[in-house]
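First the structure, in the form of structure tokens, and then the observations on it.
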Number of protein chains: 2
Amino acid sequence: MSNFEALFDYIQEISGKLLSADDKYLLMAHFKPKKLRKRQYFLQEGDICKYIGFIVKGSARTFTVDEKGHEHILKLSLENWWLADFESFYLLTPSRFNIEALEDLEVLQSTNAQIEEFLKHIPAFSAMANVISQNYTIANQKRMQAAMSYTAEERYEDLISNYPHFLQRFPQNMIASYLGLSPETLSRIRKNSFK
Amino acid sequence: MSNFEALFDYIQEISGKLLSADDKYLLMAHFKPKKLRKRQYFLQEGDICKYIGFIVKGSARTFTVDEKGHEHILKLSLENWWLADFESFYLLTPSRFNIEALEDLEVLQSTNAQIEEFLKHIPAFSAMANVISQNYTIANQKRMQAAMSYTAEERYEDLISNYPHFLQRFPQNMIASYLGLSPETLSRIRKNSFK
DNA sequence: ACCTTGAATTGACTTATATCAAGCGCATTT
DNA sequence: AAATGCGCTTGATATAAGTCAATTCAAGGT
């Protein structure tokens, strides 16, 4: 399955280790392909996030809705990213987030219990998990710093230099929400930075 | 050493596993006690964060200084927390952060290479690391959501309910900076919420 | 006990960003 | 081709929070 090749490549590249035939067999047995059409939900607020998904193709957003009905995007996700509300996934608590496909989406999904098995039995998988956890910690630290210390314009510049492909893949109103801005403000920032 | 007892208790409690006498011996051999007076720096911007510290006693803040000279606190840390700029610690890059003792501080510190050894040889330690990594991911997700969706007042309420002891341990201007507010704004928020 | 320093408060004013509203272009549907 | 909806832009205005400045107060150093 070419679907699984993407996952295998990813695990091997991130972990720096090879997957054995048995490893691959185990992964194929317990990751289930799932397709979502654009606008469909991978997770809805209030539900428990039973599955973690590896994005093979497409994109998604993780967002909350506040009391005023405004949406706030916390994460934008593309190919080779993991899709889940980790709080709900780990703790089995109802999620405060929604995860929605922004383009037609193909994921390979699995449950927490199965992930535990992979961690136990597949060295490359557990090495990958460690690297990802480091990367997440670093990315979170950076994003938090950006949110706290940067002006709207600086956050946008920052996005351009760190995730330039986001601008191609996501509409501006989604980018604006991800940056914590109204669409109008982002539009004005772009206008000014052309000058 | 009563210092080490705090660390041992912490590891066993978080991991749910016991430390053997050998485990403890290994930890004691490679965690070095270090004391800092109030206002001293555990890490300075531009330096590489060679050590991770376990706080036995005291408190600290992790902050950046922006181009205008304004400080932004990203983290406030107390007993039984780990102290480090993880980006610099993992990647050995110069840190963009300062870590400063807010009270006289006692830590047990160790290097990245030694931590790798603990992870390899001490099951309780590696179990603890997994739990902490989950907790960090969850806490970061929450903090990010709060920063994006909440008003200043809501963030303060949120702090009161999640970390009430912060108000006892840290001065208000530090709390303000941690919440991304000016000290004046926090003062006004407190005044209003008494009403 | 005095002096200095810095934290917290309060008031007046400024600024960044949000909100509201209207119009335009573009794609999709019918 | 007309109609609908939606994303983006632009202008006018509102608002939350920051900045600047003055005052009080408590704590620490000498």
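We name chains A, B, ... by the order of the sequence lines, and we start the count at 1 in each one. What you are looking at is a predicted structure, and each value in this text was computed from that prediction instead of being measured.
- Within the 4.5 Å cutoff, the side chain of A:Leu186 has no heavy atoms near those of the A:Asn173 side chain.
- The separation between B:Arg39 atom CZ and D:dG29 atom P is 12 Å, rounded to whole Å.
- A:Ile52 and A:Leu92 are not part of a single hydrophobic cluster, where members link through side-chain heavy atoms under 4.5 Å apart.
- Between B:Phe170 and B:Tyr178, the distance separating the two ring centers is not shorter than 6.0 angstrom.
- Between B:Lys191 and C:dT9 there is no side-chain N or O to OP1 or OP2 distance below 4.0 Å.
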### Query
Which letters describe nucleotides 22-27 of chain D, given B = protein heavy atom under 4.0 Å from base, S = only from sugar-phosphate, - = neither?
------
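- A straight line from OH of B:Tyr156 to C1' of C:dA8 spans 13 Å, rounded to a whole angstrom.
- Linking Ile, Leu, Val, Met, Phe, Trp and Tyr whenever their side-chain heavy atoms come within less than 4.5 Å puts A:Leu108 and A:Phe118 in one cluster.
- The two residues A:Glu79 and A:Gly58 have their closest heavy-atom pair at OE2-N, 2.9 Å.
- D:dG18 atom C1' lies 13 Å from atom CG of B:Asp66, rounded to whole Å.
- Checked by distance alone, A:Arg190 brings no side-chain donor or acceptor within 3.5 Å of a matching partner on the base of D:dT10.
- Distance NZ (B:Lys68) to C1' (C:dA16): 10 Å, rounded to an integer number of Å.
- Here the C1' atom of nucleotide D:dA17 and the CE atom of A:Met148 are 14 Å apart, to the nearest Å.
- Contact check for B:Tyr136 versus A:Tyr136: no side-chain heavy atoms found under the 4.5 Å cut-off.
- Exactly one of A:Thr62, A:Leu43, A:Val65 qualifies for a side chain to side chain contact (heavy atoms under 4.5 Å, CB included) with A:Asn98. That residue is A:Val65.
- Nucleotide D:dA16 holds its C1' atom 12 Å from the CG atom of B:Asn192, rounded to whole Å.
- Atoms CZ (B:Arg37) and C1' (D:dG28) sit 13 Å apart, rounded to a whole Å.
- Note: the hydrophobic cluster containing B:Tyr150 does not contain B:Leu76 (ILVMFWY, side chain heavy atoms under 4.5 Å, direct or indirect links).
- Under the 6.0 Å cut-off for aromatic ring centres, A:Phe54 and A:Phe31 do not qualify, their centroids lying 6.0 Å or more apart.
- The B:Arg188 side chain lies nearest to D:dT19 when the options are D:dA17, D:dT19, C:dT17.
- For the pair A:Leu102 CG and D:dG7 C1', the interatomic distance rounds to 14 Å; values are reported in whole Å.
- Non-hydrogen atoms lying under 4.0 Å from DNA chain D are contributed by B:Gly180, B:Leu181, B:Ser182, B:Glu184, all within residues 169-184 of chain B.
- Taking every side-chain heavy atom of B:Thr185 into account, D:dA17 is the closest of D:dG11, D:dA17, C:dT19.
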